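Read the structure below first, then the notes.
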Protein chains: 2
Amino acid sequence: MHRKEVAKLAGVSEATVSRVLNGVGPVKEETRKRVMEAAQQLNYVPSALAQRFALRRSGNLGVILPMLPKVNLFSTFYFSEVLSGIGITAKQRGYDLLMLFREPDEPRDYVNLFRTQKVDACIVLGAQDVPNERAALAELQDGRHPFCLVNQRFDGESFNTVDADHQMGSCQAVKHLAERGFKRILFLNGPAVYSNSLDRLDGYRQGIEEAGLTYDRSMVLVGNYSRKSGYKQAEAVAWLIREGRTDAVIAANDRMAIGLLQGLKELGIQVGKDVALIGCDDSDGARLTDPPLSSIQVPFYEVGCAAASRLLDTISDPRNSFAVKLPVKLIERASSAAVAFTES
Amino acid sequence: MHRKEVAKLAGVSEATVSRVLNGVGPVKEETRKRVMEAAQQLNYVPSALAQRFALRRSGNLGVILPMLPKVNLFSTFYFSEVLSGIGITAKQRGYDLLMLFREPDEPRDYVNLFRTQKVDACIVLGAQDVPNERAALAELQDGRHPFCLVNQRFDGESFNTVDADHQMGSCQAVKHLAERGFKRILFLNGPAVYSNSLDRLDGYRQGIEEAGLTYDRSMVLVGNYSRKSGYKQAEAVAWLIREGRTDAVIAANDRMAIGLLQGLKELGIQVGKDVALIGCDDSDGARLTDPPLSSIQVPFYEVGCAAASRLLDTISDPRNSFAVKLPVKLIERASSAAVAFTES
DNA sequence: GTGAAAGCGCTAACAT
DNA sequence: ATGTTAGCGCTTTCAC
């Protein structure tokens with residue numbers, strides 16, 4: 001069962017067993033064969049634990065994710081997609097995936113993951129731009145520990161990042177609406193602790209200006225990315241619609257868009273007819289609503305792949321720092337299909 | 001930075017440092033203090049890698065999950081919930097979570113996870129009752145490796161399992177419908193490789209009989225748990241409805257129910273009025289459809305907790321084998337709210 | 001109560 | 001081309 005016995009059975013030293021199994025160093029083909037057979041016969045597999053200890057590498061890629069109680073920070077859709085991308089990529093590169101759940105009250109003790117040698121690199125999901133987070137990440141950076149953020153930038157820092165082009169996304173959404181004649185476009189944003197909220201706002205503003213409309217900050221509402229927060233805006237939005245003060249809404253994620261849509265429906269307002277609506281993420285839910293929700297598709301799986309792949313590159317050469325931005329794409333569905341009623 | 005230096009600074013041996021940090025063996029309070037201070041001062045944290053190697057325990061709980069290409073086997077909802085439960089529990093018990101993605105064509109080499117000492121125990125998600133899987137699991141069992149299945153039983157084997165009471169669930173659903181006067185209840189099931197499909201069918205049948213109706217196998221349709229497979233049944237179901245041959249449908253998961261609902265809507269049939277519909281899982285999507293979908297709520301998070309918790313118990317004492325079955329609960333929404341039109 | 005030393009199963013430098 | 005040996009950083013007996 002152990003290497004020693006394999007060595008004995010094959011009539012070689014333990015070192016040779018190692019060489020054969022790792023395919024390193026010169027080995028006579030015949031010995032190689034003998035060793036392989038012995039290993040096979042004894043059903044021997046080297047202990048990853050011992051290997052990693054000897055090599056002082058855990059072989060693990062850590063994924064840190066905050067567990068927001070009940071109110072899922074990320075849609076399960078986002079999470080599953082990103083995680084799959086990371087997982088598949090890690091695996092291809094010979095790394096195992098270590099999941100690290102952080103509970104809300106727990107300190108962000110990222111450095112210790114490296115000091116205890118639990119991970120060789122880590123990806124931080126759902127980071128927020130708050131002082132504690134910045135500090136924890138800066139500490140990682142100072143320690144030269146390979147890490148990478150997904151979907152979150154920190155202005156003024158040069159952290160590795162993989163993000164989607166949210167700015168472009170909302171810009172496109174605005175233009176799409178403007179082209180169809182919508183002129184009073186509301187924007188329902190998320191909290192500013194997430195950089196993509198800011199990005200989306202920038203994009204919205206840019207789109208508004210490029211479409212020849214004028215940016216009006218009172219047209220920007222704020223929710224917290226939950227369905228409920230979208231739902232709660234329905235009354236206000238309904239009123240604006242009835243007053244003729246708005247004819248289209250872009251929400252910073254699908255969950256809020258869906259909540260809003262449900263709220264509006266209850267108030268007798270038909271999305272896709274009385275008002276256009278576009279969400280962000282193109283989650284599963286976007287296809288389920290009535291009418292189906294137009295949404296900005298984000299390649300989350302690819303985001304995960306890129307994060308893992310680029311991050312692992314930096315292990316061998318820390319100069320491989322990166323800030324990737326992946327393109328998004330507007331998916332048009334019935335919620336924004338109509339043409340605006342053109343007022344005189 | 002290393003234990004040796006801590007020992008020197010504290011003026012003790014390395015063994016004593018260990019004792020202090022692990023809280024084992026008798027240590028004079030004063031030495032304890034000295035060591036703690038030294039460790040603190042040098043910012044010393046023991047290497048989990050070395051520890052685990054010395055103890056011959058990886059400290060990892062593995063989670064195996066098959067990656068079905070694109071067609072997500074489990075809804076992301078199911079997956080996230082179960083995974084959270086497992087993750088939180090593992091953490092509380094001092095284990096790390098190792099994610100193990102298995103691609104479709106890959107062999108099920110579960111035993112090697114243990115032989116390489118990558119995990120101390122593992123949870124298998126999305127297992128199927130096919131020969132290869134049975135064999136792989138049997139091999140684990142033979143090797144006395146602690147493992148546990150979630151949401152899948154294997155008849156004739158005594159594998160550790162945590163499952164929901166799917167049988168009770170569909171039984172309740174049938175009775176709920178029967179009480180409201182529905183008499184011709186269709187059942188849209190999933191593939192038989194998943195034991196819960198069989199359980200649900202049993203429950204359906206039991207419910208039918210207990211409600212004083214008669215079981216008719218032609219009332220059982222089969223999909224593959226995807227939304228599309230539900231959608232595709234819409235024509236057939238619509239026809240049955242128009243012929244007066246059915247007045248209610250239970251689908252074995254929400255995704256199929258939602259697909260069916262969308263298909264029926266396109267065919268001009270109003271769910272919740274022309275026909276009652278109940279799904280299973282109470283996923284996020286159930287709240288998004290129009291009308292909202294009645295569904296059988298499964299405590300996935302708790303399933304994950306139970307699986308991890310009970311499994312880790314078996315590590316210390318293998319006699320702690322288990323087969324847990326958690327209760328489910330019917331959530332009534334508009335899709336099954338109406339009372340059946342009572343024919344003369 | 002504390003120190004010395006063996007051993008966990010592997011890698012890698014060095015010797016042959 | 002292969003064997004020998006010294007670690008890797010920790011735990012744990014066994015002395016003292």
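Not measured: the values here are computed from a predicted model. Proteins get letters first, then strands, A, B, ... in listed order; numbering begins at 1 in each.
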May I have the distance from [X] (atom [atom1]) to [N] (atom [atom2]), rounded to whole angstrom?
X     : N      : atom1 : atom2 : value
A/L21 : C/dC10 : CG    : C1'   : 11 Å
B/L49 : C/dT11 : CG    : P     : 13 Å
B/R34 : C/dG1  : CZ    : P     : 15 Å
A/Q51 : C/dA12 : CD    : C1'   : 13 Å
B/E5  : D/dC10 : CD    : P     : 11 Å
A/R56 : D/dG7  : CZ    : C1'   : 8 Å
A/L55 : C/dA13 : CG    : P     : 11 Å
B/R57 : D/dT12 : CZ    : P     : 10 Å

Open item on the list: Do A/P146 and A/F114 make a side-chain contact, defined as non-hydrogen atoms from C-beta onward lying under 4.5 Å apart?
Closed with: yes
TODO: Inspect the contact between A/D155 and A/R134 and indicate whether a charged nitrogen and a carboxylate oxygen are less than 4.0 angstrom apart.
DONE: no
TODO: Answer yes or no: is there an ion pair linking B/E14 with B/K8, defined by an N-O contact shorter than 4.0 Å?
DONE: no
- [ ] Measure the spacing between CD of B/E133 and CZ of B/R108 and express it to the nearest 0.5 Å.
- [x] 4.0 Å
Report which part of the nucleic acid [X] touches: base, sugar-phosphate, or nothing (heavy-atom distance under 4.0 Å, all strands).
X     : answer
A/S47 : sugar-phosphate
B/V24 : nothing
A/T16 : sugar-phosphate

With respect to the phosphate group of [N], does any side-chain polar atom (N or O) of [X] fall under 4.0 Å of OP1 or OP2?
X     : N      : answer
B/R3  : D/dG9  : no
B/Y44 : D/dC10 : yes
A/T31 : D/dA1  : no

Measure from the side chain of [X], starting at C-beta and using heavy atoms only, and say which of [options] lies closest.
X     : options               : value
A/A54 : C/dG3, C/dT11, D/dT2  : C/dT11
B/S18 : C/dG9, C/dT11, D/dC10 : D/dC10
A/S13 : C/dT2, C/dT11, D/dG3  : D/dG3
A/A15 : D/dT4, C/dC8, D/dT11  : D/dT4

Task: Residue whose nearest DNA chain C nucleotide is more 5′ - A/N22 or B/A50 - done: B/A50
Task: 5' priority, DNA chain C, between B/F53 and B/G25 [closest heavy atom] - done: B/G25
- [ ] Taking B/T31 for its side chain and B/V27 for its backbone only, find out whether a donor-acceptor pair lies under 3.5 Å.
- [x] no
Task: Nearest-nucleotide comparison on DNA chain D, the residue closer to the 5′ end among A/E14 and A/P26 - done: A/P26
TODO: Run the ring-centre check on B/F147 versus B/Y110 and record whether the distance is less than 6.0 Å.
DONE: no
- [ ] Could you tell me whether the side chain of A/R52 has a donor or acceptor atom within less than 3.5 Å of a complementary atom in the base of C/dG9?
- [x] no
Open item on the list: Is it the case that the base of C/dG3 and the side chain of B/R19 share a donor-acceptor contact (distance under 3.5 Å, atom types as modelled)?
Closed with: yes
